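Data first, discussion second: the structure below is written as structure tokens.
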Amino acid sequence: MTTWITICDTCKREGWETGDMALTDGERLAALVEAAADGVPGVRTRRVSCLMGCTHGCNVAVQGPGKLCYTLGRFAPEAEAAEGIVAWAALHAASETGQVAYRTWPAAVKGHFVTRHPPLPPEA
Ligand code: FES
């Protein structure tokens, strides 16, 4: 089953306006996540504008049908973060429930989890 990484492409971290402002921090992270996820089985990416976690960007959501879903934030738009997000998403894809054993988490995602959403109950 596919795990989707949804990346907010409008996140701007504190101090963003002191840079060249050519791209948002979210756009930079999205490009890095997309590159890291390229060819990874079971993991796909998409971009959205705003996940309503603007004060603690950069933000991503990791979701799969019938599984625990998560939002993660406070990422810098850097390759290490992107690779950690994708590695964790691959573990989510391989998990039956969406739960991933903490001992297997990439260091880059530790301390970045913001919310966890249980899967919706089946339709009656
Ligand atoms: S701009 Fe990224 S969560 Fe709102």
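Whatever order the structure lists ligands and atoms in, that order sets their numbers, starting from 1. Excluded from the calculations below are hydrogen atoms, water molecules and symmetry mates; all remaining heavy atoms, backbone and side chain alike, are included. Not measured: the values here are computed from a predicted model.
- A salt bridge links Glu34 to Arg47: at least one charged side-chain nitrogen sits closer than 4.0 Å to a carboxylate oxygen.
- In this structure, the ring of Tyr70 has its center no less than 6.0 angstrom from the ring center of His117.
- Across all their heavy atoms, Phe75 and Ala81 have their closest contact at CD2-CB, 3.8 Å.
- For the residue pair Thr115 and Thr71, a side-chain donor N or O sits within less than 3.5 Å of a side-chain acceptor on the partner.
- Taking 4.0 Å as the cut-off between side-chain N and carboxylate O, Asp25 and Arg74 do not count as a salt-bridged pair.
- With 3.5 Å as the limit, one finds a donor-acceptor pair spanning the side chains of Thr6 and Arg46.
- Distances from atom 2 (Fe) of ligand 1 under 2.8 Å pick out these protein N/O/S atoms: Cys8 SG, Cys11 SG.
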